[in-house]
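For this chain, numbers begin at 1 and follow the sequence in order. As the structure is a computational prediction, the values presented were derived from the model and not from experiment.
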Amino acid sequence: MKIPHGLQPMIDDGLIDEVLRPLKSGKEASVYVVRCGDEVRCAKVYKDMAQRSFQARAQYQEGRKVRGSRQARAMAKATKFGRREQETAWKNTEAEVLYRLADAGVRVPQPHGFFHGVLMMDLVTDADGHSAPRLVEADLTADQARAFHATLIGDVVRMLCLGLIHGDLSEYNVLVAPDGPVIIDFPQTVSAAGNNAAREMLLRDVHNLRESLGRYAPELHDTYYGEEMWALFEQGELRPDAALTGAFVFDEHTADTRAVLFSIEDARQEAIIRQQGREEAAESD
């Protein structure tokens, strides 16, 4: 096939010997099946994003660390340099996350480097050597669904123990390999400790898995693994091998909003008194 523009530098450097076929194309990236020596792998080519895409991704990027204060200031101001740095950071994120997750035992495609804006990784295949289907395309038995759910929940826990949340986990970015599910697509990964929406995103990820696999094993609909693991995470008690139950007791106490409002008003009045005192002292000088 005709060599895509984004892969030409990889061909020139001898990192790819042949582009075999396109695998998928989305708003963020295009993925190709390539041959590297005797190995068949995936090459993920990230697309350049317009400014509106940066704005849409702001919630995911909250709490991420950047290389230095200059880059952070430029990204916050959305300057031309800042947008370029933000795009570079977005493209680098998936490669960095994949290496961390693979080392932690999370079932992800094994990465093989990030070159010229292209992420190289293993091609996940089915039993016949074809590209593995997505979970949304699979037809599972109840036992398979329970096993897949247990595996995926374990991987979500391992990610959270690293301080990471997928942020967009669903049946569309889980592949079905012969030995179980494999999670893909990590450019939007969220910082669990640094993002104000981290809990919301974690629960959405876990609930998506519950809804998808609950179609085959209905009892999963009555589980609350996301709430359980987040409570343990907040208490500093979550471990990669945590034996979760899926049970969770919700706090149903009604908040005393009246007392909160009184406290706010007391603080406001105290601030006013202090300000008046400072002004009187300044006048007397």
Does the side chain of M229 come within less than 4.5 Å of I153's, by heavy atoms? yes
Same cluster for V174 and Y216 if Ile/Leu/Val/Met/Phe/Trp/Tyr side chains link at under 4.5 Å? yes
One should read off an interatomic distance between D185 CG and L169 CG, to the nearest 0.5 angstrom, of 10.0 Å
Does N173 use its side chain to pair, donor to acceptor, with the backbone of I183 at less than 3.5 Å? no
Side-chain donor-acceptor pairs of residues 119-128 under 3.5 Å, sequence neighbours excluded:
from, atom 1, to, atom 2, distance (Å)
D122, OD1, H112, NE2, 2.6
D126, OD1, D128, N, 2.9
D126, OD1, G129, N, 3.0
D126, OD1, H130, N, 2.8

Evaluate side-chain contact (heavy atoms from CB on, under 4.5 Å) for V108 paired with F186, printing each intermediate quantity in order. CA-CA 10 Å; V108 297; F186 293 91; 3.6 Å; yes
Below 4.5 Å, heavy atoms only, C-beta onward: do E94 and F114 meet side chain to side chain? no
Could you tell me whether R210 sits above the aromatic face of Y224, with NZ or CZ closer than 6.0 angstrom to the six-membered ring centre and within 45 degrees of the axis? yes
Can you list the steps and then say if D139 with R215 is a salt bridge (charged side-chain N to carboxylate O under 4.0 Å, His left out)? CA-CA 10 Å; D139 186 17; R215 293 199 298 267; over 6 Å; no
Calculate, to the nearest 0.5 Å, the distance between atoms CG and CG belonging to L135 and L140 respectively. 6.0 Å
In terms of the angle between their ring planes, are W230 and F233 parallel, tilted or perpendicular, with boundaries placed at 30° and 60°? tilted
State, to 0.1 Å, how close A132 and V176 come at their nearest heavy-atom pair, and which atoms those are. CB-O, 3.4 Å
Any side-chain heavy atom of P4 within less than 4.5 Å of one from V19? yes
Is it true that the side chains of H149 and Q144 contain a donor and an acceptor less than 3.5 Å apart? no
Is any side-chain heavy atom of E96 closer than 4.5 Å to one of P111? no
Is it true that M201 and L203 fall in one hydrophobic cluster, defined by side-chain heavy atoms closer than 4.5 Å? no
In this structure, would L162 and V97 fall into the same cluster of hydrophobic residues linked by side-chain contacts under 4.5 Å? yes
side-chain contact (heavy atoms from CB on, under 4.5 Å) evaluation trace for E171 with L209: CA-CA 7 Å; E171 60 190 350; L209 297 177; over 6 Å; no
Treat each ILVMFWY residue as a node, draw an edge where side-chain heavy atoms are under 4.5 Å apart, and state whether V182 and L98 are in one component. no
Tell me the closest heavy-atom pair linking G37 and D17, and the distance in Å. N-OD2, 2.5 Å
Taking the side chain as every heavy atom from C-beta outward, state whether P181 and L175 have any pair of such atoms under 4.5 Å apart. no
CD of E39 to CZ of R35: how many Å apart, nearest 0.5 Å? 11.0 Å
With sequence neighbours left out, the residues meeting side-chain contact (heavy atoms from CB on, under 4.5 Å) with D222 are none
Counting distance only, does the side-chain N/O of E228 pair as donor-acceptor with the main-chain N or O of T245 below 3.5 Å? yes
Can R134 and S170 be counted as having a side-chain donor-acceptor contact under 3.5 angstrom? no
Output the distance between atom OG (S212) and atom OH (Y172), rounded to the nearest 0.5 Å. 8.0 Å
With distance as the sole test, does N195 use its side chain to make a donor-acceptor pair with the main-chain N or O of S191 at under 3.5 Å? no
Atom of G246, atom of Y225 and distance for their closest heavy-atom approach: N-CE2, 3.3 Å
Any carboxylate oxygen within less than 4.0 angstrom of a Lys/Arg side-chain nitrogen, looking at D241 and R158? no
Check this for me: does any side-chain nitrogen of one of D103 and R100 sit under 4.0 Å from a carboxylate oxygen of the other? no
With side chains defined as the heavy atoms from C-beta onward, is the minimum distance between H221 and H207 less than 4.5 Å? no
Working to the nearest 0.5 Å, report the span between CG of D12 and NE2 of H116. 8.0 Å
From CA spacing to verdict: side-chain contact (heavy atoms from CB on, under 4.5 Å), R21, S131: CA-CA 11 Å; R21 59 183 173 87; S131 302; 2.7 Å; yes
Less than 4.5 Å apart, side chain to side chain, heavy atoms only: is that true for E18 and V34? no
Could you state the interatomic distance from NE2 (H166) to CG (D155), rounded to the nearest 0.5 Å? 11.0 Å
Q110 and A102 have their tightest heavy-atom pair at OE1-CB, 3.8 Å
Verify the distance criterion only: is there a donor paired with an acceptor across the side chains of S30 and K44 at less than 3.5 Å? no
Between Y32 and R41, does a side-chain contact (heavy atoms from CB on, under 4.5 Å) hold up when you go through it step by step? CA-CA 8 Å; Y32 299 89; R41 294 176 177 166; over 6 Å; no
Give me the atom names and distance for the closest heavy-atom approach of I11 to I16. CD1-O, 3.4 Å
Hey, are the side chains of R199 and L202 touching, using non-hydrogen atoms and a 4.5 Å cut-off? no
At their closest point, which heavy atom of A198 faces which heavy atom of I165, and how far apart are they? O-CD1, 3.3 Å
Before you tell me yes or no, could you show the steps for D168 and R204 under salt bridge (charged side-chain N to carboxylate O under 4.0 Å, His left out), namely the whole-Å CA-CA distance, both residues' side-chain angles and the distance that decides it to 0.1 Å? CA-CA 8 Å; D168 193 29; R204 185 177 64 194; 5.3 Å; no
Answer with yes or no whether the hydrophobic clustering places L164 together with L238; edges join I, L, V, M, F, W, Y residues whose side-chain heavy atoms lie under 4.5 Å apart. yes
